[in-house]
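Worksheet: the structure to be examined is printed underneath.
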Number of protein chains: 2
Amino acid sequence: MVKNTGRPGYLQIADDLRAQIRGGALAPGSLLPSTAQLAERYDASLSVVKMAVGILRNEGLVIGQQGKGVFVRDAEVAPATAGALEGEVAELRTAVQDLSARLAKVEEQLATSTTHRPGRSSR
Amino acid sequence: MVKNTGRPGYLQIADDLRAQIRGGALAPGSLLPSTAQLAERYDASLSVVKMAVGILRNEGLVIGQQGKGVFVRDAEVAPATAGALEGEVAELRTAVQDLSARLAKVEEQLATSTTHRPGRSSR
DNA sequence: CGAGCCAACTAGGTTAACTATGTTGGCTAA
DNA sequence: TTAGCCAACATAGTTAACCTAGTTGGCTCG
């Protein structure tokens, strides 16, 4: 599959997957083919597929879940609207506040239990 | 240098370099240390450094020139790209997701190690 | 002196192997 | 039937190796 153009293979695959997502061929919430399947489809090595998926993951287009697969993210596909970004920023801000509160709670628990801890951890 | 924090090394290095660029420690137009130098500085392998630089390159913060090095891009040029803000939001989103996942893991460990104890409010 | 080669750098791309970790489903034994 | 183990498969991270290709500076040879 990977053409002989100067464009690297992992970018070609990322472009193709991105186009499929934007075009609707891969609907939001749907599961991408596994790394091995993509490698076979594009006739590429596992490494380049992992790199391509990593790019999309970095762009926020997909979300990888260990053990399950890579899912297409519910898109903020609207590229133009600047207001969408504001909403997303607000969402991120609340998320950060939530994380701060939870982290404070965990830190407090850790501080109170450090003297004698059951130490029950395994695996 | 690296970590114990569970955050992948290539992300830590990318974060550090990004902070240096945003903070002005690495001025626009200046040359980043070579891959080998960065690998030694962060006590990481060449691969993770290349991945980190690749992320910044993908974000448009730096431009790599074969045979010469990796240069910090002019700050005014970067926003010219349409998706600069989106990229930054996506970056923050992945950071929040990462933090959320790590915090959830810590919370779970705390919850299970103390078997059941009062004062644990959930989300 | 100058042209050209060459060695030593550089980034970039690709592949393979290994480890870690999480999910799932099937099998087995109580 | 049910609980638990376990194999298979998934993403994710890391490392090492090899190759291409561009740049640079020094050295040699004409």
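Per chain, numbering begins at 1; letters A, B, ... match sequence-line order. Side-chain atoms are counted along with the backbone in the values below, which use heavy atoms only and exclude waters and symmetry mates.
Checked against side-chain contact (heavy atoms from CB on, under 4.5 Å), B/Gln66 has no partners two or more places apart in sequence or in another chain. Applying the side-chain contact (heavy atoms from CB on, under 4.5 Å) rule to A/Glu40 yields no partners; only residues at least two apart in sequence or on another chain are considered. Legend: residues meeting side chain to side chain donor-acceptor pair (under 3.5 Å) with B/Gln20, ordered by chain and number and at least two apart, are B/Asp16. Partners of B/Ser45 by side-chain contact (heavy atoms from CB on, under 4.5 Å), not counting sequence neighbours, listed by chain and number: B/Ser47, B/Val48.
Scanning both residues, A/Ala39 and A/Leu46, for their nearest heavy atoms gives CB-CD2, 3.7 Å.
Following rounding to the nearest Å, A/Leu32 (CG) and D/dA12 (P) show an atom-to-atom distance of 11 Å. The separation between B/Phe71 atom CZ and D/dG22 atom P is 16 Å, rounded to whole Å. Per the geometry, CG belonging to B/Leu38 stands 12 Å off P belonging to C/dG12, to the nearest Å. Rounded to a whole Å, the CD1 atom of A/Ile13 is 13 Å from the C1' atom of C/dG13. Here the P atom of nucleotide C/dT14 and the OH atom of A/Tyr42 are 15 Å apart, to the nearest Å. One interatomic measurement links the two molecules: OH of A/Tyr10 to P of C/dT14, which rounds to 7 Å at whole-angstrom precision. Rounded to an integer number of Å, the gap from A/Glu40 CD to D/dC9 C1' is 15 Å. To the nearest angstrom, C1' of C/dT10 lies 9 Å from CG of B/Leu31.
The distance from the CD1 atom of A/Ile55 to the CG atom of A/Asp15 is 8.0 Å, given to the nearest 0.5 Å. Here the straight-line distance linking atom CG of B/Leu61 with atom CG of B/Leu17 works out to 10.0 Å at 0.5 Å rounding.
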Expected list for residues 28-37 of chain B: side-chain donor-acceptor pairs under 3.5 angstrom, two or more places apart:
residue	atom	partner	partner atom	Å
B/Ser30	OG	B/Ala27	N	3.4
B/Ser30	OG	B/Ala27	O	2.4
B/Ser34	OG	B/Gln37	N	3.3
B/Gln37	OE1	B/Ser34	N	3.1

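Among D/dG13, C/dT10, D/dT11, the nucleotide with an atom closest to any side-chain atom of A/Val70 is D/dT11.
Phosphate contact (OP1/OP2 of D/dT14, side-chain N/O of B/Ser45, threshold under 4.0 Å): absent. Between B/Arg57 and C/dG13, a side-chain N or O to OP1/OP2 separation shorter than 4.0 Å is present.
Listed by residue number, B/Gln66, B/Gly67, B/Lys68 are the residues of residues 62-69 of chain B with a heavy-atom contact under 4.0 Å to DNA chain D. Proximity of residues 46-56 of chain B to DNA chain D (heavy atom under 4.0 angstrom from any strand atom) is restricted to B/Ser47, B/Val48.
Under the 4.5 Å side-chain heavy-atom criterion for Ile, Leu, Val, Met, Phe, Trp and Tyr, B/Phe71 and B/Leu38 are members of distinct hydrophobic clusters.
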